[in-house]
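Here the structure is laid out as structure tokens; the discussion comes afterwards.
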Amino acid sequence: MEKTAIVPTRESNYPEWYQQVIVAADLAENSPVRGCMVIKPWGYAIWEQIQQQLDCKLKQTDHVNAYFPLLIPLSLLEKEAAHVDGFAKECAVVTHHRLVATAEGNLIPDGKLEEPLVIRPTSETIIGEMFAKWIKSYRDLPLKINQWANIMRWEMRTRIFLRTSEFLWQEGHTAHANKQEAIDETLQILDIYTNLVEDYLAMPVIKGEKPCFERFPGAVNTYCIEAMMQDKKALQAGTSHFLGQNFSQAAKIQFATKDGGLDYAWTTSWGVTTRLIGSLIMVHSDDNGLVLPPKIAPQQVVIIPIYRNEAEQQQVLDYCAKLNERIMNITFANAQVRSYIDKRDLRGGDKAWQWIKKGVPIRIEIGVRDIANGAVYFGRRDLPPQQKQSLPTDDFVSQLAAILDSMQANLLTKAKAFMQANIFNLENLEQFNQFFNEDQLISKGFASCYAIDDPQIEKFIKPLKVTARCIPLEQDASSGICIFTGKATAKKMIFAKAY
RNA sequence: CGGGGCGUAGCGCAGUCUGGUUAGCGCACUUGAUUUGGGAUCAAGGGGUCGUGAGUUCGAAUCCCACCGCCCCGACCA
């Protein structure tokens, strides 16, 4: 059997493989704080790329960034009943504002707060409170605010990037003068997320609406994009909520309408999180570690100098510097190529493998031989590590953008084919039970079935540890009967085991 | 919070049942030599209050008690 950089392989133990990819790529690690991760430089750099791309798209669509407090007064959270129900169980609460030392030298909380403060699990309530102050007239609408922040949800079981107690995200909050505009906003954001995830992270997704029993607490409609991991489980990659007037009524976001009336604003909220990094890992990576789509890779090219002595070293480093200069002048995906010379005092093979495990798209190895040939010797992350090629430098420089482009496209194509091959139409409940029950440990893919959007179908799926992922927005014209209730419906729903 | 497991070097572990000199091994780290277009080899070296506290004993990583922490399985979830 071939030696792989990651042990175990995806096939032998997928969850453990996932953890090992994170270790090998040095993305993040667990911290001394229960359920909270440290995002290490390489992992954070990926997040910064995601932020940059998304931030740009949000600004292009007239959203502006702002920042709201980490702590939310309990009374604010209480205002929207469904919202409270949804989040109460996972809130961390600040009850004191001072520590005092005991005789034993231990610190104990002192100075009890009049009103406990909740560490934000999401910011609808505090932002709604501010919106109520800012919005007086239809002229103040729409108000389209985004914030990049950390939030905390006290999770029982955590997994790096996929579910941690604290995580990073962006949360958008908008208010509109009428219902349709708010719905349009909700769907526009879903498109922006889809574009980010498919175009930059090269992850195909299914756009859909959450069934009513999976809705965001307090929302009228929740939309989502669902992705399929390599173990055929589902992962929600982003959500966008149409909140109707629920939150504006709770927070009293009222405005004078054009015709002199008074109305509650229509609001939306939406977010993507550092979980995207987890899905990026699980969609593309292989048994040699992380595989990064070129557009999102913090470094797209890494140059590894190969030399045997000091005389060679100087010559090789000079050559690398010039090559690096040329590469960084190449444009790819509307930006300069991100290239880096790895000058560390390590063996060439070590460096090469480290960058393979970190998922860098292009590794260049430059030794005296290449200098003599005026050539670039390089390996691609989408080909086996041993399979490398040499190109005259001019050719390499002129072809690099195209190579990165095709790598980006290939990743999406491959992932799309995988997802499509693993979505199955199931006709009836027997098929459904068989599909999900046969082996509880292994997921066979997504099931697409006629089903009504009703909480009563939950009792059929819960025992199988299956979740209703979404009702895809794109549906064919046909209709059928719900496999659970026998009622007529025009819509199919996607079911899957999920993270 | 219910059921199970585990705390020994930075990481992964052996040793604990059956107490006995100076607590080991692999990886990683440092140094030297030989190597060098593919994750090197050999040699030397550094690093531990054996989770914490109390106890039994001539003697505790090992036995007893209490506590703390972590992991896995359930209910919750971006």
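Note that these values count all heavy atoms, side chains included, but never hydrogens, waters or copies made by symmetry. Throughout, a chain's letter reflects where its sequence line sits, starting with A, and its residues are numbered from 1.
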Review point. So, the side chain of A:Gln230 versus the backbone of A:Ser285: is there a donor-acceptor pair under 3.5 Å, distance only?
Key: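 Here the side-chain-to-backbone pair exists.
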Provide, to the nearest angstrom, the distance between the [atom1] atom belonging to [X] and the [atom2] atom belonging to [N].
| X | N | atom1 | atom2 | answer |
| --- | --- | --- | --- | --- |
| A:Gln19 | B:C70 | CD | P | 16 Å |
| A:Leu383 | B:G38 | CG | P | 18 Å |
| A:Glu365 | B:G39 | CD | P | 11 Å |
| A:Tyr193 | B:A78 | OH | C1' | 11 Å |
| A:Ile366 | B:U36 | CD1 | P | 21 Å |

With a 4.0 Å cut-off on heavy atoms, is [X] in touch with a base, just the backbone sugar-phosphate, or nothing at all?
| X | value |
| --- | --- |
| A:Thr239 | nothing |
| A:Val7 | nothing |
| A:Glu90 | sugar-phosphate |
| A:Tyr377 | base |
| A:Gly367 | base |
| A:Thr164 | base |
| A:Leu162 | base |

If I pick the [atom1] atom on [M] and the same atom on [N], what distance separates them, to the nearest angstrom?
| N | M | atom1 | answer |
| --- | --- | --- | --- |
| B:G20 | B:C1 | C1' | 44 Å |
| B:A60 | B:C50 | P | 12 Å |
| B:U49 | B:A23 | C1' | 13 Å |
| B:U18 | B:U62 | P | 14 Å |
| B:G24 | B:G48 | C1' | 11 Å |
| B:G3 | B:A66 | P | 16 Å |
| B:U31 | B:G46 | C1' | 10 Å |
| B:A33 | B:U16 | P | 43 Å |

Report yes if at least one side-chain N or O of [X] is closer than 4.0 Å to OP1 or OP2 of [N]; otherwise report no.
| X | N | answer |
| --- | --- | --- |
| A:Lys351 | B:U36 | no |
| A:Arg347 | B:A40 | yes |
| A:Lys357 | B:G39 | no |

Practice item. May I ask you to verify whether the side chain of A:Asp370 and the base of B:G37 hold a donor-acceptor pair under 3.5 Å? Key: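 For A:Asp370, whose side chain was compared with the base of B:G37, there is a donor-acceptor pair (under 3.5 Å).
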Practice item. Classify the side chain of A:Gln386 and the base of B:G38 as holding, or not holding, a donor-acceptor pair under 3.5 Å. Key: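 No such pair is found, so the answer is no.
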Which nucleotide, [options], lies nearest any side-chain atom of [X]?
| X | options | value |
| --- | --- | --- |
| A:Ala5 | B:G39, B:A75, B:C76 | B:G39 |
| A:Phe167 | B:A78, B:G38, B:G37 | B:A78 |
| A:Gln236 | B:G38, B:A78, B:G39 | B:A78 |

Exercise for review: Go through RNA chain B and write down every stem, that is, every run of at least three consecutive Watson-Crick or G-U wobble pairs with distances under 3.5 Å, as range with range.
Suggested key: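 Ordered by first number, the stems with RNA chain B (at least 3 consecutive pairs each) read B:1-7 with B:68-74, B:10-13 with B:24-27, B:29-34 with B:40-45, B:51-53 with B:65-67.
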Review point. Are A:Asp394 and A:Arg326 within salt-bridge range, i.e. N to O under 4.0 Å?
Key: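 A:Arg326 and A:Asp394: salt-bridged.
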Point to revise | Modelled atom types, side-chain donor and acceptor of A:Glu185 and A:His63, under 3.5 Å | key: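 There is such a pair (donor and acceptor under 3.5 Å, judged by atom type) between the side chains of A:Glu185 and A:His63.
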Point to revise | A:Lys416 atom NZ, neighbour heavy-atom count above 12 within 6.0 Å | key: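 Atom NZ in A:Lys416 is not packed in, count stays at 12 or less.
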Review point. Out of curiosity, A:Gln354 CD to A:Arg344 CZ, how far, rounded to the nearest 0.5 Å?
Key: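 The CZ atom of A:Arg344 is 4.5 Å from CD of A:Gln354, to the nearest 0.5 Å.
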Parallel, tilted or perpendicular, judged at 30° and 60°: which one describes the rings of [X] and [Y]?
| X | Y | value |
| --- | --- | --- |
| A:Trp266 | A:Phe242 | parallel |
| A:Trp169 | A:Phe167 | perpendicular |
| A:His83 | A:Phe247 | perpendicular |

Check your understanding: Does NZ or CZ of A:Lys207 lie under 6.0 Å from the centre of the six-membered ring of A:Tyr223, at an angle within 45° of the ring axis?
Key ->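 No, cation not above the ring by the 6.0 Å, 45° rule.
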Practice item. Take A:Gly35 and A:Lys462, find for each the nucleotide of RNA chain B with the closest heavy atom, and name the residue whose nucleotide sits nearer the 5' end. Key: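 Comparing both residues, the 5'-ward one is A:Gly35.
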Point to revise | B:G38 pyrimidine/purine six-ring stacking with A:Trp353, under 5.5 Å and 30° | key: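 Here A:Trp353 fails the 5.5 Å or the 30° condition.
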